[in-house]
Novice: 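Got a structure for you, questions after.
If you're wondering where the values come from, they're calculated on a predicted model, not measured in any experiment. Every number for a ligand or one of its atoms is a count from 1 in the order of the listing.
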Amino acid sequence: MYQLECIECGQKYTDSEVVYTCKCGGLLDVIYDYSAIQLDMERLRTEAPSVWKYKALLPVEGKPVSIHEGGTPLYRCDRLAEKIGIKELYVKHEGLNPSGSFKDRGMTAGVTKAMELGMKTLACASTGNTSASLSTYGAKAGLPVIVLLPEGKVALGKVAQALIHGAKVLSIKGNFDEAVVLVRQLCDEEKIYLLNSINPYRLEGQKTIGHEICDQLGFNVPDRVIVPVGNAGNTAAIYKGFKEFMELGITDSVPKMTGIQTEGACPVTKAFKMGVEDIVPEKNPETIATAIRIGNPVNAKKALRAIYESGGCSEAVSDEELIEAQKDLAQLEGIGVEPASATSIAGLKKLIDSGVIDHDEKVVCVTTGHLLKDPEEVMNISTKPITVDANIEAVRKAVFSR
Ligand SMILES: Cc1ncc(COP(=O)(O)O)c(C=O)c1O
């Protein structure tokens, strides 16, 4: 019912092959015979959203390696909408997945596939969240995990997660893009299963964000979905989720996919502004949003195709703009997100101010990771706690001081 197909040359591969990219170097996509897929419409209408609610659209047969991923809230954010100047704004908070990021959707699918393929060891390079998630799902599956992290550039909460779930953590003296090259070679030569988002099964799990947004809006499609972009897998994956629902006749449109990067790491935005599909890799990406500190995103072509095809766009925001958005989200809506996640809000504001996004649009911003992933950043940008003596006079004085 499904197979892998190269997005460049159309070469096909069966689902029993361990393959991540085509012989020609192109990215692979999982393709389905949608006419053969029977969706249980009653289940679709009544069951609460979760990744495995949409199992008929996922390329795995057996029992999933699952700890209840997906089913994240879609918050309507009226106070933030008013401040930004838009009528209808929703935030899909992916930070409320089991390990605190959207990566769990990809890992439940990818690790289940690894079990089906009989793989014995799992690995990834990561800016943090992929490693936290893979370590979590490797533990659940009982498979050893190796993670390669760029030394000194991973938020504390994410390293802590990889360590406590028992992964072997290597701190590479290089950046994320260099770690990707190394882990791909390691996996090819040592028969270890690679679970970066170059692995097409990861993106199949992540496409359920698109399914869920439709589902939570009563099977309606928003005008626009805004996504932080790092390695660029999620943008393409979410778009695929929307396209599938349209293919199956559940909906009749797709949202404008809008990808946000930071000014210090924005090869996808630059390619979009030049109107091309091929990025020019950046050698020294730098941003406070370490999760998307990526100069050579492997899925850039898939993401740019999703953006062009849907009539969306890409924009880059400064670190200052994303910090302001992170605070707004926390203080106006009670939603705590890590820096990379706040780029979707900062990007929305920038695109409204520049007139690209209309005030009347119905917009969903995806926030990809939880606030507590990066407590150090929060302490750096916040005013510090006030130390007072343990008596009521001192407390009262501090409470009423300016
Ligand atoms: C919190 C967060 N947001 C966004 C991204 C970027 O996602 P993608 O690589 O799919 O573009 C990542 C990737 O690590 C992430 O951890």
Side-chain angles (χ1 to χ4, degrees), residues 27 72 92-97 99-107 110 124-134 147-150 153-155 157-159 161-162 175-177 179-180 195-200 202-207 209-210 225-241 257-262 265-269 279 285 287-304 306-307 314 316-317 322 325-326 329 336-347 365-374 377:
L27 296 167
T72 55
K92 177 76 171 155
H93 191 19
E94 286 297 297
L96 294 180
N97 273 293
S99 84
S101 86
F102 71 94
K103 308 278 181 174
D104 296 344
R105 294 179 186 266
M107 287 307 171
C124 69
S126 177
T127 56
N129 280 324
T130 301
S131 70
S133 183
L134 179 57
V147 304
L148 275 63
L149 306 177
K153 294 291 181 183
V154 179
K158 304 174 189 180
V159 185
Q161 287 178 289
N175 65 23
F176 169 76
D177 301 300
V180 167
L195 275 158
N196 277 98
S197 59
I198 191 94
N199 182 324
R202 273 268 317 269
L203 300 190
E204 290 305 292
Q206 289 169 212
K207 76 185 178 185
I209 297 175
V225 172
I226 307 185
V227 191
V229 177
N231 224 6
N234 223 14
T235 313
I238 295 172
Y239 181 56
K240 184 171 181 182
M257 295 304 301
T258 300
I260 309 298
Q261 300 202 287
T262 61
C266 59
V268 171
T269 304
I279 58 154
T287 167
I288 192 175
T290 50
I292 53 174
R293 186 176 168 272
I294 297 175
N296 190 13
V298 297
N299 287 301
K301 194 166 267 186
K302 277 188 180 174
L304 281 157
I307 289 169
S314 181
V317 297
L322 75 86
Q326 185 189 27
L329 204 45
V337 304
E338 67 165 287
S341 305
T343 57
S344 57
I345 304 295
C365 287
V366 180
T367 52
T368 40
H370 197 278
L371 172 74
L372 294 176
K373 291 282 191 172
D374 196 349
E377 182 262 354

Novice: Go through the steps to decide whether Ser101 and Thr368 satisfy the test side chain to side chain contact (heavy atoms under 4.5 Å, CB included), and finish with yes or no.
Specialist: CA-CA 6 Å; Ser101 86; Thr368 40; 5.9 Å; no
Novice: Going by the rule salt bridge (charged side-chain N to carboxylate O under 4.0 Å, His left out), which residues pair with Lys373 if we only count those two or more places apart in sequence or in a different chain?
Specialist: none
Novice: Name each donor-acceptor pair under 3.5 Å that joins a side chain in residues 288-297 to protein atoms two or more places apart or in another chain, with its distance.
Specialist:
{"from": "Arg293", "atom 1": "NE", "to": "Pro285", "atom 2": "O", "distance (Å)": "3.4"}
{"from": "Arg293", "atom 1": "NE", "to": "Glu286", "atom 2": "OE2", "distance (Å)": "3.1"}
{"from": "Arg293", "atom 1": "NH2", "to": "Glu286", "atom 2": "OE1", "distance (Å)": "3.3"}

Novice: Under the side chain to side chain donor-acceptor pair (under 3.5 Å) test against Asn234, which residue among Lys103, Arg202, Gln206 passes?
Specialist: Gln206
Novice: If the condition is side-chain hydrogen bond (donor to acceptor under 3.5 Å, both in side chains), which residues does Arg105 pass it with, not counting sequence neighbours?
Specialist: Thr72, Glu94, Thr208, Glu212
Novice: Start with the C-alpha gap between Phe102 and Val366, add the side-chain angles, then the distance that decides, and say whether side chain to side chain contact (heavy atoms under 4.5 Å, CB included) holds.
Specialist: CA-CA 10 Å; Phe102 71 94; Val366 180; 5.9 Å; no
Novice: Could you list each N/O atom of ligand 1 together with any protein N/O atom closer than 3.5 Å, one pair per line with the distance?
Specialist:
{"from": "ligand 1", "atom 1": "3 (N)", "to": "Thr368", "atom 2": "OG1", "distance (Å)": "2.6"}
{"from": "ligand 1", "atom 1": "9 (O)", "to": "Asn231", "atom 2": "N", "distance (Å)": "2.7"}
{"from": "ligand 1", "atom 1": "9 (O)", "to": "Ala232", "atom 2": "N", "distance (Å)": "3.3"}
{"from": "ligand 1", "atom 1": "10 (O)", "to": "Gly233", "atom 2": "N", "distance (Å)": "3.1"}
{"from": "ligand 1", "atom 1": "10 (O)", "to": "Asn234", "atom 2": "N", "distance (Å)": "2.8"}
{"from": "ligand 1", "atom 1": "11 (O)", "to": "Gly230", "atom 2": "N", "distance (Å)": "2.8"}
{"from": "ligand 1", "atom 1": "11 (O)", "to": "Asn231", "atom 2": "N", "distance (Å)": "3.4"}
{"from": "ligand 1", "atom 1": "11 (O)", "to": "Ala232", "atom 2": "N", "distance (Å)": "2.7"}
{"from": "ligand 1", "atom 1": "14 (O)", "to": "Lys103", "atom 2": "NZ", "distance (Å)": "2.7"}
{"from": "ligand 1", "atom 1": "14 (O)", "to": "Thr127", "atom 2": "OG1", "distance (Å)": "3.3"}
{"from": "ligand 1", "atom 1": "14 (O)", "to": "Ala291", "atom 2": "O", "distance (Å)": "3.4"}
{"from": "ligand 1", "atom 1": "16 (O)", "to": "Asn129", "atom 2": "ND2", "distance (Å)": "2.7"}

